[in-house]
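Scroll down for the structure; my scribbles are underneath it.
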Amino acid sequence: MTGPSDHVAEREGTAESWRDPSLPAATRVERLLGSMTLEEKVAQLHGVWVRAGASGEAVAPHQHDLTQEPPAWEQVIADGLGQLTRPFGTVPVDPVAGRTSLARSQHEVMRANRFGIPAVAHEECLAGFAAWTATIYPVPLAWGASFDPDLVERMAAQIGESMRRVGIHQGLAPVLDVSRDPRWGRTEETIGEDPHLVATVGTAYVRGLQSSGVVATLKHFTGYSASRGGRNLAPVSIGPREFADVLLPPFEMAVRDGGAKSVMSAYNDNDGLPAAADTGLLTGLLRDQWGFEGTVVADYFGIAFLQTLHRVAESTARAGALALAAGVDVELPTVHCYGDQLAALVRSGEVPEDLVERAARRVLLQKCELGLLDEGWTPEPEDPGAPVDLDPAEHRALARELAERSVVLLSNPGDVLPLADAGDLALVGPLADTADAVLGCYSFPAHVGRRHPDTSVGVEIPTLLESLRAELPGTSVEHRAGCPVDGDSTDGFDEAVRAAARARVCVAVVGDRSDLFGRGTSGEGCDAEELRLPGVQQEFLEALADTGTPVVAVVVSGRPYALGPVADRLAAVVQAFLPGEEGMPAVAGVLSGRVNPSGRLPVSVPRSSGAQPTTYLGPDLAHLSEVSSVDPTPLHPFGHGLSYTRFSWEDPRVNGGPALPGEVPVVGTDGEVTVGCTVRNVGGTAGTEVVQLYMHDPVALVARPRRRLVGYARVHLEAGEARAVDFTVHADLSSYTGPDGRRMVEPGRLELLLSASSQDVRHTVPVLLQGPTRLVDHTRRLACGVQLDPVDAEREVVARG
């Protein structure tokens with residue numbers, strides 16, 4: 001058996017033309033593959049879960065599963081290694097020590113294999129880089145609420161910058177699952193219930209992360225969010241049309257327009273076929289049709305689940321063979337089903353070596369593109385002694401900006417908000433004075449930190465009590481918790497109710513504690529039976545309303561909740577979706593009026609806790625009708641959100657001229673039309689309106705959604721200012737999956753709806769598509785062009801639909 005020193009000597013004596021960066025990457029990889037043994041190729045197809053050394057020593061394999069000993073480090077890297085799993089996201093580690101530890105480990109990996117190939121290091125990065133002391137941004141549901149892809153792109157670039165500084169190459173984000181049932185615990189990780197919103201915001205995240213040199217990983221491909229009963233990992237039973245028209249478009253856009261370089265297979269089965277073993281999905285659709293050229297990685301333990309949960313394989317080795325054949329290139333987080341077992345199946349003739357070579361080629365090509373195969377590549381940072389600040393002021397500032405833009409004012413019937421800075425205020429509720437209130441389950445303090453209670457949180461997270469006292473220095477704020485997030489204790493009700501009765505206004509902060517696998521009320525594996533506030537929080541709100549004091553409910557949560565009958569008794573309701581480390585100053589800014597709210601709902605807020613699952617994306621029979629006694633109409637619809645100023649929507653137009661009653665523009669089935677209006681701020685303060693464009697297809701060959709989002713634009717206006725907003729809509733955006741399973745653009749009448757929400761239509765523009773039926777595919781137009789025109793001023797072009 002050869003040792004590391006032998007490998008170094010062998011490399012020094014070999015002409016390594018595959019290291020030449022002047023050659024095409026594909027040529028370099030083919031030359032490298034031609035020199036590798038089967039075991040060396042197989043070694044590139046899995047990761048090993050590690051933890052960085054707290055004092056800078058090399059990483060050590062992590063015992064993530066108490067039933068199995070971690071693999072021996074020297075053994076697992078002997079022939080090379082595909083990936084290092086979560087060196088920073090496993091235990092709290094100082095960034096400088098972690099960077100040093102990772103670099104030392106990369107040197108060990110390089111010395112151990114004949115070719116000196118390092119591993120790709122990956123981390124979670126859903127709400128920021130999931131590492132100790134890194135900025136905690138709002139969760140994806142808040143990204144959706146912002147309706148601001150450009151800001152999300154900037155956030156992702158910051159996240160990638162932090163990851164690259166410490167040696168990370170790949171991020172496991174964004175989540176592109178479209179929310180279908182908000183009882184699902186991972187709703188907080190979704191961007192919303194509309195595929196166009198998810199697609200545009202998610203694709204922006206991909207562009208931002210990859211602009212920093214970090215590979216973005218789309219997850220979970222696909223169907224995961226449509227599980228039966230909103231249960232984690234439950235089977236998915238939806239038709240191929242819903243699959244194609246609702247669940248797939250975000251992945252299509254992120255692959256084609258975002259250039260995503262990695263995709264993660266999902267845990268679920270779709271109509272009995274596990275996604276990780278679905279050749280038609282991972283190879284036929286993703287690669288052969290869409291032309292995806294990156295790597296497909298397994299969700300953690302997802303390949304082993306083919307044996308243990310799905311029961312489609314009799315052994316881990318057979319599970320590995322199924323996944324590899326389907327198109328899963330890399331097993332994560334560590335080796336269970338690939339490795340020696342896979343090599344043995346190849347040697348026995350049960351698995352073609354071509355499949356191993358196919359996956360290894362993709363992995364090595366990605367390493368080549370990352371520069372990891374270049375002569376002289378080193379894992380050492382340019383300045384190894386420099387401090388590493390993963391939460392710099394500019395990152396916190398952007399986290400604040402995104403949080404502020406994501407807060408949604410749901411109701412304010414008595415104009416209690418914004419709060420005056422005077423008198424007595426009662427601040428009550430289980431989330432009023434806890435930093436945990438703003439954390440998603442994939443933020444480091446929630447995901448890892450709670451298992452290390454003796455370690456500090458690592459970043460400053462102001463509570464709402466601290467933030468509101470700073471925001472309203474002239475107000476006396478009395479705080480009482482009142483009740484826990486979950487559990488049935490009402491011991492604190494009386495104190496909180498008395499505080500509310502004494503105050504001029506009561507602010508009640510209710511919602512979720514995000515965690516994992518039943519330890520929280522939101523998050524992975526924390527599914528809900530109904531959409532009622534957890535614990536006794538509903539009863540708590542009712543007791544506060546009984547005092548007669550105006551009650552402002554602030555819901556800080558990972559999913560929408562039905563507030564039931566008390567909703568009509570509240571003076572105002574503010575929704576914040578787990579808004580990150582700067583989230584409570586953002587909420588306080590909305591309460592005080594320093595921030596004019598501009599968030600819009602990315603998911604509908606139900607009227608009844610038991611009327612789910614439903615989203616606004618449904619045909620007529622999915623809405624209120626005479627054939628059912630159940631009314632699924634939401635209390636607040638998708639796209640809804642209020643402001644402290646008022647906007648008028650004037651002068652609807654089509655193709656640059658006025659949209660006249662009775663006139664129906666004719667557009668070819670391969671043509672486009674431009675519709676728009678002028679939005680004017682007629683209130684007394686600056687604010688932002690979110691103009692949304694929906695499409696309605698009155699008659700189609702299959703039942704179609706009553707309306708669906710096809711474009712949107714954030715329009716900031718000073719008091720009295722007006723801007724023209726125009727959307728250029730290609731006929732491709734009317735396409736849908738027809739009766740024969742093919743996507744088509746059908747001639748006929750359409751309606752384009754300029755709207756303030758999915759239910760608040762301001763102007764309707766009819767259009768007639770004329771011409772032959774067209775078949776389209778993933779190369780079709782996926783988004784509107786959007787143009788904002790300062791009225792009577794020079795044009796400004798905005799490239800976002």
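- Here the CG-CD distance, from Leu209 to Glu153, works out to 11.0 Å after rounding to the nearest 0.5 Å.
- The shortest side-chain heavy-atom distance between Pro149 and Val201 falls under the 4.5 Å cut-off.
- Looking at heavy atoms from C-beta onward, Phe577 lies in side-chain contact with Val603 at the 4.5 angstrom threshold.
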Run the numbers on Ser643 and Asn596 for side-chain hydrogen bond (donor to acceptor under 3.5 Å, both in side chains), then give the verdict. CA-CA 6 Å; Ser643 171; Asn596 195 342; 3.0 Å; yes
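- Using cut-offs of 30° and 60° for the angle between ring planes, the His220 and Tyr224 rings count as perpendicular.
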Just do the salt bridge (Lys or Arg N to Asp or Glu O under 4.0 Å) check on Glu369 and Lys261 with the steps written out, would you? CA-CA 10 Å; Glu369 292 169 346; Lys261 295 180 180 179; 5.0 Å; no
Apply side chain to side chain contact (heavy atoms under 4.5 Å, CB included) to residues Ile238 and Arg180 and explain how you reach the verdict. CA-CA 11 Å; Ile238 63 173; Arg180 302 300 285 162; over 6 Å; no
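- Between Leu409 and Tyr644, the closest side-chain pair of non-hydrogen atoms falls below 4.5 Å.
- Under the 4.5 Å side-chain criterion, counting only non-hydrogen atoms from C-beta, Leu285 is not in contact with Phe251.
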Give the C-alpha distance, both sets of side-chain angles, the deciding distance and a yes or no for side chain to side chain contact (heavy atoms under 4.5 Å, CB included) between Thr728 and His730. CA-CA 7 Å; Thr728 300; His730 195 276; over 6 Å; no
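- Contact annotation: the side chain of Pro739 approaches that of Val702 to within less than 4.5 Å [non-hydrogen atoms, C-beta and beyond].
- No side-chain heavy atom of Val699 sits less than 4.5 Å from a side-chain heavy atom of Arg749.
- With rounding to the nearest 0.5 angstrom, the CE atom of Met155 is 6.0 Å from the CG atom of Leu402.
- Using modelled atom types, one side-chain atom of Gln692 and one backbone atom of Ala756 make a donor-acceptor pair closer than 3.5 Å.
- Not a single donor-acceptor pair under 3.5 Å links the side chain of Arg707 to the backbone N or O of Glu751.
- Residues Leu733 and Cys784 approach most closely at CD1-SG, 3.6 Å, considering heavy atoms.
- Checked against ring pair (Phe, Tyr, Trp, His ring centres under 6.0 Å), His395 has no partners two or more places apart in sequence or in another chain.
- Formation of a donor-acceptor pair under 3.5 Å by the Asn681 side chain with backbone atoms of Leu717 is found in this model.
- Distance alone, capped at 3.5 Å, is enough to place a donor-acceptor pair between the Tyr736 side chain and the Leu701 backbone.
- Annotation for Pro174 and Val206: closest pair CD-CG2, 3.7 Å, computed over non-hydrogen atoms.
- Listed by chain and residue number, nothing satisfies the side-chain hydrogen bond (donor to acceptor under 3.5 Å, both in side chains) test with Arg241 (two or more places apart in sequence, or in another chain).
- Distance CG/Asp732 to OG1/Thr779: 8.0 Å, rounded to 0.5 Å.
- Side-chain contact between Val296 and Phe221 is absent, with no heavy atoms from C-beta onward closer than 4.5 Å.
- Remark: Phe292 engages no residue in a ring pair (Phe, Tyr, Trp, His ring centres under 6.0 Å) (not counting sequence neighbours).
- A distance of 8.0 Å separates CG in Leu410 from CG in Leu635, rounded to the nearest 0.5 Å.
- To the nearest 0.5 angstrom, Arg781 atom CZ is 10.0 Å from Asp670 atom CG.
- No donor-acceptor distance shorter than 3.5 angstrom exists from the side chain of Arg743 to the backbone of Thr737, with no hydrogens or angles considered.
- Remark: Arg594 engages Glu404, Glu471 in a salt bridge (Lys or Arg N to Asp or Glu O under 4.0 Å) (not counting sequence neighbours).
- Contact detail for Leu601 and Pro637: the closest heavy-atom pair is CD1-O, 3.5 Å.
- Annotation for Asp271: atom CG does not count as buried by contact number, only 12 or fewer foreign heavy atoms lying within 6.0 Å.
- Partners of Glu161 according to the side-chain hydrogen bond (donor to acceptor under 3.5 Å, both in side chains) rule, which considers only residues two or more places apart in sequence or in another chain, do not exist here.
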Are His636 and Gln575 close enough, and set up right, to give a side chain to side chain contact (heavy atoms under 4.5 Å, CB included), and what steps lead you there? CA-CA 11 Å; His636 299 295; Gln575 174 70 60; over 6 Å; no
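- Using a distance-only test at 3.5 Å, with no hydrogens or angles considered, a donor-acceptor pair links the side chain of Ser592 to the main chain of Gly589.
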Could you walk me through whether His196 and Tyr712 pass the side chain to side chain contact (heavy atoms under 4.5 Å, CB included) test, one step at a time? CA-CA 10 Å; His196 183 73; Tyr712 58 89; 4.0 Å; yes
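- The one candidate from Ser179, Ser604, Ser758 that meets the side chain to side chain donor-acceptor pair (under 3.5 Å) condition with Glu193 is Ser604.
- Ser648 and Glu650 share a donor-acceptor pair across their side chains, judged by distance under 3.5 Å alone.
- Here the shortest heavy-atom pairing between Val786 and Ala713 reads CG1-CB, 3.7 Å.
- Within the 4.5 Å cutoff, no side-chain heavy atoms of Arg723 are placed close to those of Val679.
- Remark: side-chain polar atoms of Ser628 are paired, donor with acceptor, to backbone N or O of Val630 under 3.5 angstrom.
- Arg780 places a side-chain N or O within donor-acceptor distance of the main-chain N or O of Asp777, the cut-off being under 3.5 Å.
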Under the side-chain hydrogen bond (donor to acceptor under 3.5 Å, both in side chains) criterion, do Arg653 and Thr678 qualify, and how do the steps go? CA-CA 9 Å; Arg653 55 186 168 270; Thr678 297; 3.3 Å; yes
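- Scanning all heavy atoms of the two residues, the minimum distance from Leu417 to Ala572 falls at CD1-CB, 3.7 Å.
- Atom CG of Leu617 is separated from atom CZ of Phe638 by 7.5 Å, given to the nearest 0.5 angstrom.
- Taking all atoms of both residues into account, the shortest heavy-atom contact from Pro182 to Leu531 is CG-CD1, 3.5 Å.
- Checked by atom type and distance alone, the side chain of His696 pairs as donor or acceptor with a backbone atom of Arg706 at under 3.5 Å.
- The backbone N or O of Trp649 sits less than 3.5 Å from a side-chain atom of His763, completing a donor-acceptor pair.
- Here Arg600 pairs with Glu689 under the salt bridge (Lys or Arg N to Asp or Glu O under 4.0 Å) rule; sequence neighbours left out.
- Using the six-membered ring where Trp is involved, Trp290 and His778 have ring planes that are tilted, between 30° and 60° apart.
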